[in-house]
There are 2 protein chains.
Amino acid sequence: MRRMTARPANAHQARLLRLLRDGGPNSRAQLGDQIDLSRSKLAVEVERLLETGLVVADGLAASRGGRRSHNIRLAPALRFLGVDIGATSIDVAVTNAELEVLGHINQPMDVREGPVAVFEQVLSMAAKLRSSGLAEEFDGAGIGVPGPVRFPEGVPVAPPIMPGWDGFPVREALSQDLGCPVMVDNDVNLMAMGEQHAGVARSVGDFLCVKIGTGIGCGIVVGGEVYRGTTGSAGDIGHIQAVPDGRPCACGNRGCLEAHFSGAALARDATEAAQQGLSAELAARLEAAGTLSAVDVAAAAAAGDATALALIREGGNRTGQVIAGLVSFFNPGLVVIGGGVTGLGHTLLAAIRTQVYRQSLPLATGNLPIVLGELGPTAGVIGAARLISDHLFSPA
Amino acid sequence: MRRMTARPANAHQARLLRLLRDGGPNSRAQLGDQIDLSRSKLAVEVERLLETGLVVADGLAASRGGRRSHNIRLAPALRFLGVDIGATSIDVAVTNAELEVLGHINQPMDVREGPVAVFEQVLSMAAKLRSSGLAEEFDGAGIGVPGPVRFPEGVPVAPPIMPGWDGFPVREALSQDLGCPVMVDNDVNLMAMGEQHAGVARSVGDFLCVKIGTGIGCGIVVGGEVYRGTTGSAGDIGHIQAVPDGRPCACGNRGCLEAHFSGAALARDATEAAQQGLSAELAARLEAAGTLSAVDVAAAAAAGDATALALIREGGNRTGQVIAGLVSFFNPGLVVIGGGVTGLGHTLLAAIRTQVYRQSLPLATGNLPIVLGELGPTAGVIGAARLISDHLFSPA
DNA sequence: CAACTTTCTCCACTGAGTGGACAAAGAGAG
DNA sequence: CTCTCTTTGTCCACTCAGTGGAGAAAGTTG
């Protein structure tokens, strides 16, 4: 089953694998410039990696005025599977060892159906990708779930929106089914890793990645590493109080951010507004579809509907207030906004920025970019692939 | 001048020095159990440390059924200076290499007098400790200032309550004056390091340390290391909005936590209450002293004054709400409450606990102790000594 | 073809670290 | 007191990671 039987034997080899993953194919000489090793030692370690098959030398590069270099690259047949389980859909992608997405499919789904039903879908999607010729087998898989995870074991804990998943051995089950190593993490953390690897957060050490979808979560990256907290629930900002004595939330409290702004809350507020006759635009869409979603609000806003715009702005203000607090506390070098609601675009971003720049101190905001994620739905799957590759490209 | 000329030559030696600092005197055999080195190699490194004089072997320990062991300990003459500059007072202490406080003095002061005047006081306090025979010279000094610091350079940046300190080269100036290496940090971070080294936070990897004094700040420890943020302002929670459209704050905004609860805010509110005739107890104290401070409120509360208790409770609730948000976000393993206002004791702690346990999700609070710091004013100076010893006990 | 670059390989040498043998020094049993 | 066992510390030969220099291989430029 499992194909990538070899693992780097020491820290040098792990380092080399990551350099090749992040920097693409390279000559020995170029690798030598990026790693603190003599040419001799480097050659030895590369040789060993070639023996294991993790790395191949294919062809000669063009000369740069001297002897032509051998191109060293990660084994081109290596394949990682990235799975991003949201509240209402599944994303599955195949990547090569450089974490480039070779194929990506998406399906609607409801997490509340429980892990067994969801895994069936994931496996059939993986099979579909495999049968399309993108991969024979997978060398590793990363998977994100929309709730807190006990990271070392790869098991969800007390996930509010995923009844039936509590304690389910996701890592072990999927590893059995796929016949390869698996790592599990919170979906928000994977989005952060994705934007860090291939998106807006490259070369930023400390940043926050706020994902606004059905719920709201926040990935925290400290010194280039995802911070998960003591019990794996770090970044769970959806239940921070945004409005004193505000709307009741599913968690039992009142005024939680998530109760006031999220995909679900926005749909609810838009429906209310339509029923109260506040917006002809929204009412028409409700009439047509029978139900409203965040996408409808985005469309209405794009069409210039004042009510829709006001809803987005208010939600952005709430979110911005909470983020302002987090910025004061955490002093990040970057804030990334992502998730399904980014379809709301710059109206949302402007509202968030206004609040943060107004409320936080200049020292924290002076040089703080607040930007939309640039990878969209691929952030999660790339992050998932990166998670497992980080694991496999570390000393055994 | 400088006495501790030697520094550990490699990571092993640094590790050994820290083991001896944190675990006290030890035999070679016991050290071997705590470090991943063969006895032979260990003996070599210990021998080298003995040669440098950083470490001494004095006497034999009692036998445990075999050959008696030599006691290896850090040079008993090593002395660190810990300085904690608050808004209204200075704490200075001398410690030995194990960071035990040998002498500690405190003086009232006003940071707004500027760095030159304050440093004069610090130096005279240090001289006093020296002349009392506790130290001949200092091998290193750590200093905490009540504002953000550019850590690598040891320079305060844009400190709101310390006009005149912005950009002042604290590290370099003090190093010149004392003739020893100096490290500078935010006072709150030092308090966190102190409680981590010798207080309630031993053996906790991720925790928050909230210091409520003239202002409010929060030390953040991630994986045993202080997290300082991108510009050194991490943990600056005093200006998180606690009350929408609340009291005006010195920073220009409204409703900042610090404007509603802090030593200064409490004094102001108590004075108002006394003048409005809400509390005979507070009015009497105001009459007697001409002015009220947080200490008066604490005393009135201890005497059972309802108004004072209400003020403390309300402040605790505000603070607790903010901390609840931080707990959701950061998912710490411990929250420590410290600073001058801890004199308010369990009324304050109870209010904070109530808010946090009520508002944050069970997964984050399930096993979360919220406790008062156990070191009081020595936390800062111990943290300062630890800061410089961490620096000196690292490979050169 | 000569001169110069760049890349890669080979090899002798250094030095960190290991593990086992053994010496030193004590406790406890008979 | 002697013998055995335990604990601590020292010594030494050996392994292996890593270095740096010499030089071969394979180009470009003039």
Side-chain angles (χ1 to χ4, degrees), chain A residues 6-20 23-52 54-74 393-396, chain B residues 6-20 23-74 394-396:
Chain A
R7 286 278 290 276
N10 58 41
H12 295 317
Q13 294 185 13
R15 183 84 205 287
L16 286 169
L17 292 175
R18 292 186 190 204
L19 283 175
L20 290 170
N26 248 321
S27 70
R28 281 170 241 247
Q30 283 174 307
L31 288 172
D33 295 340
Q34 300 172 65
I35 196 172
D36 191 28
L37 273 182
S38 65
R39 285 177 317 249
S40 341
K41 180 60 179 166
L42 179 88
V44 169
E45 296 298 349
V46 169
E47 183 55 33
R48 288 181 189 162
L49 285 173
L50 287 168
E51 279 169 19
T52 65
L54 281 172
V55 147
V56 299
D58 58 343
L60 296 169
S63 166
R64 300 192 312 168
R67 176 174 172 177
R68 293 171 64 192
S69 59
H70 291 266
N71 239 336
I72 309 291
R73 68 169 69 219
L74 290 167
F393 292 172
S394 60
Chain B
R7 287 277 289 276
N10 58 40
H12 296 317
Q13 293 184 14
R15 182 84 206 287
L16 286 170
L17 291 174
R18 292 185 190 205
L19 283 176
L20 289 171
N26 248 321
S27 71
R28 281 170 241 245
Q30 283 175 305
L31 288 171
D33 295 341
Q34 300 172 65
I35 197 173
D36 192 27
L37 275 182
S38 65
R39 280 173 319 204
S40 342
K41 181 59 179 166
L42 179 90
V44 169
E45 296 298 350
V46 168
E47 182 55 33
R48 288 181 189 161
L49 284 173
L50 287 168
E51 280 167 19
T52 65
L54 280 172
V55 149
V56 298
D58 58 342
L60 296 170
S63 166
R64 300 192 310 167
R67 177 173 172 175
R68 294 171 64 190
S69 60
H70 293 264
N71 239 337
I72 309 292
R73 66 171 70 220
L74 291 167
S394 61

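Here is the naming used below: chain letters follow the sequence lines, and residue numbers restart at 1 for every chain.
Computed from coordinates, the H12(B) NE2 to dG15(C) P distance equals 16 Å when rounded to whole Å. We find that CG of L42(B) is positioned 9 Å from P of dG9(D), with the value rounded to whole Å. In this structure, E47(A) places its CD atom 16 Å from C1' of dC11(C), rounding to the nearest Å. Between the CG atom of L37(B) and the C1' atom of dG15(C) there is a distance of 15 Å, rounded to whole Å. In this structure, CG of N10(B) is placed 13 Å from C1' of dG15(C), rounded to the nearest angstrom. Distance CG (D36(A)) to P (dA17(D)): 18 Å, rounded to an integer number of Å. The interatomic distance linking H70(B) (NE2) with dG26(C) (C1') rounds to 13 Å, in whole Å. A straight line from CG of L60(B) to C1' of dG9(D) spans 11 Å, rounded to a whole angstrom.
Annotation: side chain of R73(A) is in contact with side chain of V56(A) (closest heavy-atom distance under 4.5 Å). Side-chain contact between L60(A) and H70(A): present, with at least one pair of heavy atoms (C-beta onward) separated by less than 4.5 Å.
Here the side chain of R18(A) pairs a donor or acceptor atom with the backbone of F393(A) at under 3.5 angstrom. Listed for the Q30(A) side chain is no donor-acceptor partner under 3.5 Å among the backbone atoms of N26(A).
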Which pairs, protein N/O on one side and nucleotides 20-24 of chain D N/O on the other, fall under 3.5 Å?
unit_1: dG20(D); atom_1: N7; unit_2: S40(A); atom_2: OG; d: 3.1
unit_1: dG20(D); atom_1: O6; unit_2: S40(A); atom_2: OG; d: 2.4

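Taken to the nearest 0.5 Å, the CZ atom of R28(B) stands 14.0 Å off from the CD1 atom of I35(B).
Take the nearest nucleotide of DNA chain D for R48(A) and for R68(A): the residue whose nucleotide is more 5' is R48(A). A residue-by-residue look at E45(A) and N71(B) shows that N71(B) has its nearest nucleotide of DNA chain D further toward the 5' end.
Using a 4.0 Å cut-off between charged side-chain N and carboxylate O, R48(B) and E51(B) make no salt bridge.
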